[in-house]
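Residue numbers start from 1 in every chain, and the chains themselves are labelled A, B, ... in the order their sequence lines are given, proteins ahead of strands.
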Amino acid sequence: MYKILKAEFIAPNVKSFLIEAPHIAKKRQAGQFIILRVHEKGERIPITIADSNPDEGWINIIVQGLGKTSAHLNTLEAGDHLQDLVGPLGLPTHIENWGTLVCISGGVGTAESLPIAAAGKAAGNRVISIIGARHKDLLIAENQMAEVVDEVRISTDDGSAGRHGLVTDVLQDLMDEGVTPDMIVAIGPLPMMAAVSNQTKALEIPTMVSLNAIMVDGTGMCGACRATVGGKTVFVCVDGPEFDGHQVNFKELGSRQKMYKKQEEESHKCFLERQMKKIKAEQMLEGV
Amino acid sequence: MERERPQSFNTVPMKERLTIPRQDMPEQDADQRSANFLEVNLGLTPEQAVIEAQRCIECKKPTCMDGCPVSIKIPDFIQLICNEDFIGAAKKIKEDNSLPAICGRVCPQETQCEEVCVMGRRFEPVAIGRLERFVADYSLKHGNGSAEQTKLPAPSGNKVAIVGSGPAGLAVASDLIKEGHEVTVFEALHEFGGVLVYGIPEFRLPKLILRQEVATLEAMGVKFVKNFIVGRTMTIQELMSEEGFDAVFLGLGAGLPRFMNIPGENLNGVYSANEFLTRSNLMRGYEFPEWDTPLYRAKRAIIVGGGNTAMDAVRTAKRLGADEAAIVYRRSEEEMPARNEEIHHAKEEGVKFMNLVNPIEFIGDDEGNVIAAKCLRMELGEPDDSGRRRPVPMEGSEFTMEVDMVVIAVGNGSNPLIAQTTPEISTNKWGNIVADEDGRTSMEGVFAGGDIVSGGATVILAMGAGRKSAIAINEYLKSKVWSVA
């Protein structure tokens with residue numbers, strides 16, 4: 001069992017966890033992920049490691065409660081335990097001094113791109129961060145990001161913070177201002193990574209994306225996470241998770257991510273019903 | 001070498017033995033079992049086991065033992081069954097095979113011990129596999145587990161790390177704990193057993209049996225560590241230099257599914273056999289949504305391949321409720337690598353066999369779900385490298401059939417993880433670890449065996465390789481001399 005040392009919501013439905021995992025904390029490099037199971041009948045889900053502390057022996061993950069497992073995970077508090085935790089998995093991010101590095105992120109992707117931005121800065125790059133969200137309340141980690149990079153720019157779909165628009169608009173603004181990125185790292189929802197890759201392909205700016213695929217074992221044994229990159233099938237768990245965004249077949253990956261949509265909804269519904277029953281039972285007990 | 005013949009307890013006169021029919025193992029009715037995940041075979045009754053054991057004609061030269069990759073003392077345990085000493089018989093097997101309840105279920109006895117049984121020349125061979133299974137189960141139920149094990153010697157002071165808890169790793173663990181070494185088994189997944197837990201379905205090998213076998217090893221002192229990926233969580237070098245392991249055995253298994261490299265293979269609903277079986281077996285997807293892991297419940301499923309894994313997958317698809325579950329195999333039934341018993345069981349359960357057929361493309365709908373398979377009919381030509389007749393496409397034979405799930409069961413390559421993280425260990429062009437006959441790799445103190453060395457094979461061959469390595473590891477720990485052949 002793996003103890004949760006700290007758990008706090010950092011945005012609506014988005015929770016940050018520190019989990020005791022000394023071996024993983026010691027080994028983990030930017031870009032790698034873990035696989036966890038919440039309970040003994042749970043599924044295995046991959047989550048990127050946002051931060052770690054080898055001295056204190058913990059790793060940090062950021063979880064958005066989207067489906068059954070992540071929603072269940074987000075009900076856990078400090079002192080609770082995870083059933084299983086394994087890692088670090090995947091190849092570490094390749095970092096070098098490219099010159100100007102632009103890290104584009106959205107949603108929990110911002111927390112995941114923090115270590116890459118920091119490593120990029122440490123390697124000597126000028127690092128600019130572009131963070132996108134639907135609404136200002138959904139922005140996360142923008143302050144931590146500001147601490148490690150040269151400049152942070154924000155966009156929101158509704159204009160509630162930063163530029164009214166999308167991350168691709170901010171990238172265009174940058175270019176219009178005369179900034180020429182040497183490298184772009186895009187981490188976030190699939191449509192965002194696809195849009196950025198599409199934009200930068202025409203501009204011939206190398207673009208790396210971190211793919212989020214459905215996985216089971218995470219060690220290359222099952223092939224659930226396959227994607228097409230440059231016309232070839234890759235396993236995201238062992239060949240990635242980072243790939244050349246210009247080569248990724250995003251359409252295929254998008255439909256593969258929806259493979260179990262129906263079952264996921266069913267599972268989530270069962271979970272919510274169980275939670276409701278639990279809450280009602282607690283209320284009844286309190287009433288007595 | 002002349003071996004001493006075991007004491008005979010068989011009171012049936014020799015001539016009569018020849019007339020005793022081979023005892024059939026009771027099994028669940030086919031209609032009933034094709035809708036549940038409970039074990040198909042129910043095992044011999046004690047009465048049947050004694051009768052079957054009495055069929056043994058006690059050959060002077062027991063060829064059956066030559067047919068066994070781990071040389072179980074088959075004549076000896078059979079005599080103990082004749083004497084109704086079932087626990088004694090199980091102990092006798094355990095001298096050579098630490099996992100009899102598993103091997104009794106999944107070994108291809110018909111091509112090993114039973115194939116060379118002298119009785120089989122004129123009659124049917126003695127049902128050695130069924131007898132092994134019977135005494136192993138009897139001992140798990142009625143024996144007192146670890147207390148039956150031989151007393152362990154004083155600690156040797158040596159530490160051995162075993163990477164992978166599949167059949168090879170478990171065999172090494174069992175042999176080395178008996179030598180007094182400190183043995184730790186590292187497993188990447190959250191349950192122990194490797195392919196025995198993620199690959200072989202409940203209806204062929206109940207997980208309870210596996211857990212009992214693992215618990216027996218644990219009671220003997222073997223330490224089991226799950227959720228630990230050697231190469232990632234810690235490297236082999238770190239295990240040896242920082243954690244003080246004197247020797248390492250790599251029993252990683254094959255563990256990299258092969259695909260066919262045809263269009264449409266990444267459509268939703270197209271699985272590798274590894275994924276489909278792992279979702280069902282390890283993750284219990286067949287109990288979704290009670291268990292969280294989802295799994296397709298197909299109406300029309302095809303499984304591409306003709307091995308035991310293909311049979312496991314097709315029978316699983318059937319149990320998940322498929323109206324039609326079919327094997328699609330490019331050769332004929334004669335060339336199928338699957339065990340006869342598995343083919344027979346699959347047929348009884350209503351599995352359709354489409355032999356001499358090969359898919360060339362999978363077709364999807366707008367949302368990326370597989371809806372059809374385009375196939376060619378094949379005929380057999382000249383024998384190829386494997387000695388089997390090569391399948392050749394028949395001209396103009398293309399046809400399309402509706403499917404909503406495809407499982408690719410055409411074998412496994414080698415997992416690249418150790419090669420990626422430990423360049424000291426040489427691999428061949430297929431990615432298999434290069435090891436000598438005793439499992440020595442190119443890195444001192446590191447041994448390897450099972451599918452990661454041989455490529456995809458069977459449970460018992462992996463155990464056999466593990467046992468060979470265990471002898472070499474023991475010698476190395478005693479002498480600390482690394483003799484590379």
Those residues of residues 20-36 of chain A that come under 4.5 Å of chain B on a heavy-atom basis, listed by number, are H23(A), K26(A), K27(A), Q32(A)

Just so I understand: if I count every heavy-atom pair under 4.5 Å between each of [options] and chain A, which residue has the most?
options                            : result
N268(B), L282(B), T293(B)          : N268(B)
N261(B), L277(B), N369(B), V270(B) : V270(B)
N266(B), N415(B), L417(B), N412(B) : N266(B)

[X] versus chain A, heavy atoms under 4.5 Å apart: side chain, backbone, both or neither?
X       : value
R284(B) : neither
F228(B) : both
L189(B) : both
T233(B) : both
M234(B) : both

Anything under 30° is parallel, anything over 60° is perpendicular, the rest tilted; go ahead and classify Y260(A) against Y296(B).
perpendicular

Please flag which part of [X] lies under 4.5 Å from any non-hydrogen atom of chain B: side chain, backbone, both or neither.
X       : answer
T69(A)  : side chain
H39(A)  : side chain
F271(A) : neither

Less than 4.5 Å apart, any side-chain heavy atom of [X] and any of [Y]?
X       : Y       : result
S414(B) : I452(B) : yes
L91(A)  : Q420(B) : yes
I200(B) : V459(B) : yes
F259(B) : S272(B) : yes

Does M1(A), at its CE atom, have more than 12 non-hydrogen atoms belonging to other residues, nucleotides or ligands within less than 6.0 Å?
yes

- Query: Going by an N to O cut-off under 4.0 Å, is there a salt bridge joining K277(A) and E273(A)?
  - Reply: no

